[in-house]
A.B. asks: 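The structure that follows is given in the form of structure tokens.
In what follows, every chain begins at residue 1, and chains take the letters A, B, ... in the order their sequences are listed. Quick caveat: nothing in here was measured; it's all calculated off a predicted structure.
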Number of protein chains: 2
Amino acid sequence: MSATAQFSTKDRILGAAEELFAQHGFAGTSLRQVTTRADVNIAAVNYHFGSKENLVNEVFRRRMDEMSGRRLAQLKAALQQHPGELEPVLAAFVEPALAMAQDRHGGGAFIRVIARAYAEKNDSLRKFLSDQYGHVLRDFAKAIAGCVPALGKEQLYWRLDFLSGALTYAMADFGLIKRPAGLPEAAHRARAARELIRFAAAGLQADTTDSHSKA
Amino acid sequence: MSATAQFSTKDRILGAAEELFAQHGFAGTSLRQVTTRADVNIAAVNYHFGSKENLVNEVFRRRMDEMSGRRLAQLKAALQQHPGELEPVLAAFVEPALAMAQDRHGGGAFIRVIARAYAEKNDSLRKFLSDQYGHVLRDFAKAIAGCVPALGKEQLYWRLDFLSGALTYAMADFGLIKRPAGLPEAAHRARAARELIRFAAAGLQADTTDSHSKA
DNA sequence: GTCTATAGTCGGATAGAC
DNA sequence: GTCTATCCGACTATAGAC
């Protein structure tokens, strides 16, 4: 179930922590649960990470570096190969997140950890994430602004927030949609990506006039 | 800051718990913090609620009953007064949530509690919410399907999930958008509702053909 | 680098006086 | 219905042997 062999103590702790954080949240997970699952001694976590808070940060860093890298690479390719097109840009934002969710390396748990992080708002963790990965979101904002020039800056940010929310929510298997028993995980995720890109593209390109009344 | 006078012990506990749950999550909030803020004795919470888990449920019930009622009433009015129009239906879904967020009775904290609930996924709380309030979502699904007949059932559910995610995320003040210092809270929320309704209406009405390529 | 043992704190819950 | 006092388990973190 969890990583047990051939990994270093440090990696086993990170893997076990990731799974447990996804299941029970940060505050809801004790270091004792982590070390029990990782099959290491309770003292090891403080030796390797210093504190629980730092362990949380390191759990994030390991995956976020990879996901951000993939997003930016795919964004660059989209801008070169499909200049001016919105959907490839959105795909660059959405697909790496979904790919991670079906990664056999345990990234699947991480995507739910991200959802946790957004909910556990007041933490130093949010500052850590904003400092370390805020530039990724800004790059996407620029790219999307290039595809939808009519969109004002403020409206762009609102709609980006809506996209992020929809992505987070869908990734974490909240909500109504459950994967049908027959459908493989990969196909389900691909479907999710397609649907979300379509939905968000339409939403981002919606009329920008400021009216409160009917369509 | 918190409710202190003229409310019953039970209500003071509920109010304090709501604020703290919003800030620190369920697992991250101790009953001692709750009773300190409510200015009641530590034993009172067990006398009135029996256990921490039950207190969590009651915090939800108090607000969800009200919010669900408003949503359904506004939905009914929308269907009568604007039959076939999508945006009034979406307004019925979005606006009561946002109205609650700016309610002086402390509902503002609750909206972040909802976000917590979605993140703390494995809890008995999720079953409680699904059992008690699932019918509300089903009513909205029906109404939206009536406005966008081309939408298949599965696609409808996907898009409803995206809407829920965007709403939850926006409500909780995650993301890029922060309320400008000058703008009153109420105006900020109204703006959020308008933007989200516009975004979601376009997303829900997006082309439903199943293609992965360009627009 | 990994262990045992423990310090020191805080958690939820309850018993019983008023 | 509200209080004081307390039980007892779980927690993070660390000291110190190996």
A.B. asks: Applying ring pair (Phe, Tyr, Trp, His ring centres under 6.0 Å), can you list everything that pairs with A:Y133, at least two apart in sequence or on another chain?
C.D. replies: none

A.B. asks: Is B:T35 touching bases, backbone alone, or none of the nucleic acid, heavy atoms closer than 4.0 Å?
C.D. replies: nothing

A.B. asks: Would you confirm whether B:R159, through its side chain, and B:A206, through its main-chain N or O, come within 3.5 Å as a donor-acceptor pair?
C.D. replies: yes

A.B. asks: Are any side-chain N or O atoms of B:R71 and backbone N or O atoms of B:F93, one a donor and one an acceptor, separated by less than 3.5 Å?
C.D. replies: yes

A.B. asks: Give a yes/no answer on whether the side chain of A:T9 brings an N or O atom under 4.0 Å of OP1 or OP2 in C:dT2.
C.D. replies: yes

A.B. asks: Over how many whole Å does the gap from A:K52 atom NZ to D:dT14 atom C1' extend?
C.D. replies: 17 Å

A.B. asks: Answer yes or no: is there a donor N or O on one side and an acceptor on the other, between the side chain of B:E19 and the main chain of B:A16, under 3.5 Å?
C.D. replies: no

A.B. asks: Can you check whether A:F26's main-chain N or O pairs, donor with acceptor, with A:K52's side chain at less than 3.5 Å?
C.D. replies: yes

A.B. asks: Under 3.5 Å, is there a donor-acceptor pair between the side chain of B:R12 and the main chain of B:F7?
C.D. replies: yes

A.B. asks: OP1 or OP2 of D:dC11 sitting under 4.0 Å from any side-chain N/O of A:S30?
C.D. replies: yes

A.B. asks: Nearest-Å distance, CZ (B:R32) to P (C:dG11)?
C.D. replies: 6 Å

A.B. asks: Report the distance from atom CG of B:L31 to atom P of C:dA13, rounded to the nearest whole Å.
C.D. replies: 6 Å

A.B. asks: Please state how far atom OH in B:Y47 lies from atom C1' in D:dT2, giving the value in whole angstrom units.
C.D. replies: 9 Å

A.B. asks: List, with names and distances, any nitrogen or oxygen atoms from the protein found under 3.5 Å away from nitrogen or oxygen atoms belonging to nucleotides 15-18 of chain D.
C.D. replies:
none

A.B. asks: Of the options A:L79, A:I144, A:L72, which is the one that meets A:D139 in a side-chain contact (heavy atoms from CB on, under 4.5 Å)?
C.D. replies: A:L72

A.B. asks: Looking at B:N41, does any N or O in its side chain come under 4.0 Å of the phosphate oxygens OP1/OP2 on D:dT2?
C.D. replies: no

A.B. asks: Measure the distance from CZ on A:F49 to C1' on C:dG1 and round it to the nearest whole Å.
C.D. replies: 14 Å

A.B. asks: Tell me: CD1 of B:I13 to P of D:dG1, nearest whole Å?
C.D. replies: 12 Å

A.B. asks: Just how far, in rounded Å, is P of D:dT2 from CD1 of B:I42?
C.D. replies: 14 Å

A.B. asks: Could you tell me how far apart B:L20 (CG) and C:dG12 (P) are, to the nearest whole angstrom?
C.D. replies: 12 Å

